[in-house]
*Asks:* 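I have a structure here, written as structure tokens, and I will follow up with some questions on it.
The chains referred to below are lettered A, B, ... by the order of the sequence lines, with proteins before strands, and numbering in each begins at 1. All of these numbers come straight from a predicted model, not from anything done at the bench.
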Amino acid sequence: MTKLTRRGLMKTGVAASVVAATGLPAKAQQRGGTLRLGLAGANTSDSWDGRTHSDSYMIITAHGCVFDCLTEVAANGELVGELAESWEASADAKTWTFNLRQGVTFHNGKPFGADDVIESLQMHVAEGAKSAAKPIVASITEMKKMGDHQVQFTLAAGNADFPFLLSDYHILMYPAGMIDEAIASGIGTGLYKVESFDPGVRTVMSRVDSHYKDGKAGWFDSVEVVAINDASARMNALMTGQIDAANRVDFKTEALLKANPNVEIFEVTGNQHFTFPMLTNQAPYDDVNVRKALKYAVNRQEMVDKILQGHGKVGNDHPIGPANQYFAADLPQLEYDADKAKFYMQQAGLDSLNVQLSASDAAFSGAVDAAQLYQASAGSAGINIEVVQEPADGYWSNVWLKKPWCACYWSGRATEDWMFSTAYESGVPWNDTSWENARFQELLLMGRAELDSGKRRDIYTEMQMIMSEEGGTIVPMYANYVDANSTKLAHGEDIGNLWQMDSSRIIERWWFK
Amino acid sequence: MGSIAKIIAQRLALGVLTLLIVSFVIFVSVNALPGDFAQAIMGQGATEEAVTAMRKDLGLDQPYFQRYFSWLGNIITGDLGISFAQMNFASNLGGDQLISVADQIYPRFINTMWLAGFAALIAVPLSLTIGVLAALYRNSMFDRIANIGALTSISSPEFFIAYILVLFLAVLNPVFLPVAEVTPGITLGERLYFLALPALTLTLVVTAHMMRMTRASIINLLASPYIEMARLKGVSPMRVIVKHALPNALAPIINVIALNLAYLITGVVVVEVVFTYPGIGQLFVDSVINRDIPVIQACVMIFASAYILLNLTADILTILSNPKLRHPK
């Protein structure tokens with residue numbers, strides 16, 4: 001690529017003027033090459049059905065490559081249109097009108113339009129469908145086709161985040177009338193079309209000839225995504241150059257990766273956080289003083305250092321992370337303080353506290369060790385934690401939501417409202433702390449229908465504060481997404497932090513140097 | 001030869017009975033594991049309502065024995081069934097383009113047979129040669145080194161040998177690749193290149209057993225009077241072993257080879273996982289994690305059949321190699 005030709009010179013000239021005009025980083029993107037990814041999180045039961053996607057392999061290949069959503073969260077966190085070009089809301093945030101992109105075709109040649117949107121959304125609420133995005137779509141009371149490229153949604157209640165929710169990786173756009181076929185063979189509108197798909201083994205994709213993202217994304221000519229669930233095999237493949245990038249770096253081999261001049265590690269702190277939820281309707285956790293004592297009895301920094309080996313940040317007992325728009329970075333940080341813990345125990349009228357903490361590595365890798373660290377730090381504050389090691393099998397059915405205090409993880413959500421309403425709204429099934437707080441609930445409903453960004457920031461900051469001070473969950477740490485790539489690859493200024501691998505869009509966004 | 005046919009028939013009947021028992025044991029033990037497919041596949045999302053709905057779709061709410069016998073009924077007609085994962089899609093989609101367990105296993109089975117076959121092709125001649133040579137030069141330096149090497153490799157766990165090979169032959173000296181990425185339509189040369197490290201790992205694991213049995217059974221015979229006679233005739237030591245001792249030592253060697261070939265097919269689970277090789281072993285591990293019973297049962301049936309058939313072959317060959325058994329009075 002260093003050979004200077006007239007055409008090459010013109011290309012660089014054009015690129016340079018684009019850079020000058022837009023202020024993009026001075027690294028010129030270029031087309032070409034085959035990207036080979038080695039990904040963990042693959043299974044022989046994988047398919048192109050977005051409703052079932054939950055692990056990184058399918059999220060990266062489907063959401064980040066073969067299919068598109070209506071909206072997309074850009075690497076800098078901003079919401080941009082993907083298949084929707086623009087949208088507007090009524091004043092109460094109840095009616096949303098989406099203008100769809102024109103001239104887009106599916107990989108089988110079918111043009112994309114309003115019918116596809118309606119049918120693709122309906123599949124999440126179809127009878128018997130088990131979709132993780134069901135609550136999002138179920139909040140739509142009416143979907144109206146206003147034209148070939150315009151759809152109007154009416155929501156049951158105002159929701160200012162609605163366009164954000166449509167960027168969810170489950171809500172992929174399929175061709176209407178042939179959804180079964182599209183799921184069987186992977187027919188989307190994405191930059192890459194499926195050449196071959198062997199679930200749990202390997203996917204080969206090639207670049208479509210022309211695409212509405214041309215010039216902005218989709219630099220590789222073709223992509224091979226190999227399923228490598230074994231951490232050592234994945235790291236070895238990267239170190240020997242058999243693959244160009246891998247997700248989920250094994251911390252044990254991190255030093256070896258760093259010593260290899262052909263490999264670099266990239267990590268971002270997103271919304272993924274580990275928690276210790278307690279059922280606030282059960283004694284002794286129904287006493288706010290007990291909860292406060294437990295908040296001061298955990299050494300968060302120690303957990304980040306020892307459990308995450310430094311690849312994370314301390315948490316502040318609320319579920320909103322640095323990748324969220326209204327993350328309150330300036331809230332007072334909870335710190336380990338044995339005296340304060342003792343003080344709140346006295347407030348609760350207790351001399352000592354004996355509690356059981358259920359943990360298993362099914363909750364998160366290192367959960368049992370984290371519980372033991374908690375036990376040690378709380379011990380010096382007079383709180384006796386008995387760590388109960390639970391079996392990993394059936395953990396989510398038998399322990400989580402059932403045992404009064406246990407270990408858990410959340411990958412976080414793109415919006416505050418979504419996260420709160422998934423796990424902290426009064427009465428929702430995943431409310432793992434049985435959290436009921438009148439002011440919190442009031443703020444939640446206010447924030448949902450509020451379109452003014454400044455007011456929303458105030459609302460969500462107050463909600464984070466309430467949770468941090470009184471809430472029933474301990475959030476000791478945010479875990480980074482730690483991935484690695486060959487130095488042959490280049491990427492834009494920002495790396496997305498909603499999910500692994502540049503918010504799962506490494507295939508679209510990266511290029512070969 | 002009529003007696004051989006009778007033995008084969010008898011053994012096959014016993015084999016079927018063994019398969020029946022194995023299938024039952026596996027069914028019971030997989031069901032005894034905590035959690036089921038519905039819980040495993042939904043993870044954190046496994047609310048009681050969703051789990052109940054999925055169990056109903058998959059027939060997991062049916063009584064235990066009813067499920068086993070309906071599976072048994074199908075397998076007698078040659079139908080391995082449909083995996084839970086596929087049925088789960090079907091209940092989501094309402095479509096009927098289902099991939100059966102047989103379709104799922106077939107390409108994996110071919111891959112596993114390639115690996116086992118390639119490993120056997122290296123391991124069997126290698127261990128026989130080393131075994132004969134070790135018997136010939138017994139107690140020499142060569143014999144000792146061969147023994148120490150073989151014992152070391154058999155004593156190490158497979159994954160350890162695999163990682164050592166990856167370290168020395170892929171990472172430090174990039175001769176081979178750490179991940180065996182076989183795809184449909186690759187050339188024979190490419191396939192063998194990808195298979196080199198996994199096959200070498202398996203070779204190191206199985207060689208010791210075969211080689212030491214060859215050596216031991218030959219040495220055992222060397223004290224026999226007829227070998228002494230051959231020596232007194234002035235036959236060369238190599239010829240004594242290959243022509244006179246080996247044919248009589250074949251029976252135990254054949255048995256050990258059969259046992260190890262069966263191991264090559266069934267014992268590949270760990271090796272396939274380490275090298276990310278898309279064979280039956282990897283599918284088996286995936287299915288156990290998800291409690292996908294139809295796939296587990298099918299894999300186990302294949303593993304058990306391999307053992308039964310190879311042992312049967314070994315017995316028949318033993319009979320054929322021994323005139324006394326071939327012509328019973």
*Asks:* Please list, in residue-number order, every residue in residues 195-205 of chain B that has a heavy atom less than 4.5 Å from any heavy atom of chain A; write 'none' if there are none.
*Replies:* none

*Asks:* Which bit of B/Ser83 comes within less than 4.5 Å of chain A, counting heavy atoms only: side chain, backbone, both or neither?
*Replies:* neither

*Asks:* Check each atom of A/Ser54 against the heavy atoms of chain B and say whether the ones under 4.5 Å are side chain, backbone, both or neither.
*Replies:* neither

*Asks:* Answer yes when A/Arg36 and A/Asp244 have at least one side-chain N-carboxylate O distance shorter than 4.0 Å, and no when they do not.
*Replies:* yes

*Asks:* Measuring heavy-atom distances to chain A, does B/Asp292 have an atom under 4.5 Å in its side chain, in its backbone, in both, or in neither?
*Replies:* neither

*Asks:* Do the side chain of A/Thr253 and the main chain of A/Leu256 share a donor and acceptor less than 3.5 angstrom apart?
*Replies:* no

*Asks:* Quick one: are B/Phe284 and B/Ile296 in side-chain contact, heavy atoms under 4.5 Å?
*Replies:* yes

*Asks:* Would you say that more than 12 heavy atoms from the other residues, nucleotides or ligands in this model lie under 6.0 Å from the CZ of B/Phe65, or not?
*Replies:* no

*Asks:* Using modelled atom types only, decide if a donor and an acceptor are shared between the side chain of A/Asn262 and the backbone of A/Ser486 within a distance under 3.5 Å.
*Replies:* no

*Asks:* Which answer fits A/Lys134, side chain, backbone, both or neither, if we ask what part of it has an atom under 4.5 Å from a heavy atom of chain B?
*Replies:* neither

*Asks:* Parallel, tilted or perpendicular, judged at 30° and 60°: which one describes the rings of A/Phe274 and A/Phe364?
*Replies:* parallel

*Asks:* Can you tell me which of A/Pro391, A/Ala363, A/Ser232, A/Gly241 forms the most heavy-atom pairs within a distance under 4.5 Å of chain B?
*Replies:* A/Ser232

*Asks:* Among B/Thr276, B/Val295, B/Ile289, single out the residue with the greatest number of heavy-atom pairs under 4.5 Å to chain A.
*Replies:* B/Thr276

*Asks:* Between B/Leu167, B/Val171, B/Thr183, B/Leu177, which shows the greatest number of heavy-atom pairs under 4.5 Å with chain A?
*Replies:* B/Leu177

*Asks:* How many angstroms lie between atom CD1 of B/Ile280 and atom OG of B/Ser287, to the nearest 0.5 angstrom?
*Replies:* 10.5 Å

*Asks:* Give me the ring orientation class for B/Phe27 and B/Tyr68: parallel if the planes are under 30° apart, tilted from 30 to 60°, perpendicular past 60°.
*Replies:* tilted

*Asks:* I'd like to know whether CD of A/Gln389 has more than 12 heavy-atom contacts from other residues, nucleotides or ligands below 6.0 angstrom.
*Replies:* no

*Asks:* Relative to chain A, which segment of B/Tyr163 carries a heavy atom at a distance below 4.5 Å: side chain, backbone, both, or neither?
*Replies:* side chain

*Asks:* Heavy-atom distance under 4.5 Å to chain B: side chain of A/Asp230, backbone, both or neither?
*Replies:* side chain

*Asks:* Using a cut-off of 6.0 Å, state whether more than 12 heavy atoms not belonging to B/Lys56 lie near its atom NZ.
*Replies:* no

*Asks:* Once the angle between the rings of B/Tyr193 and B/Phe176 is folded into 0 to 90°, is it parallel (under 30°), tilted (30 to 60°) or perpendicular (over 60°)?
*Replies:* tilted

*Asks:* What part of B/Val274 is in contact with chain A, defined as an atom under 4.5 angstrom from a non-hydrogen atom: side chain, backbone, both or neither?
*Replies:* backbone

*Asks:* Between chain A and each of B/Val273, B/Leu283, B/Asn290, B/Val179, count heavy-atom pairs under 4.5 Å; write down the option with the most.
*Replies:* B/Val179

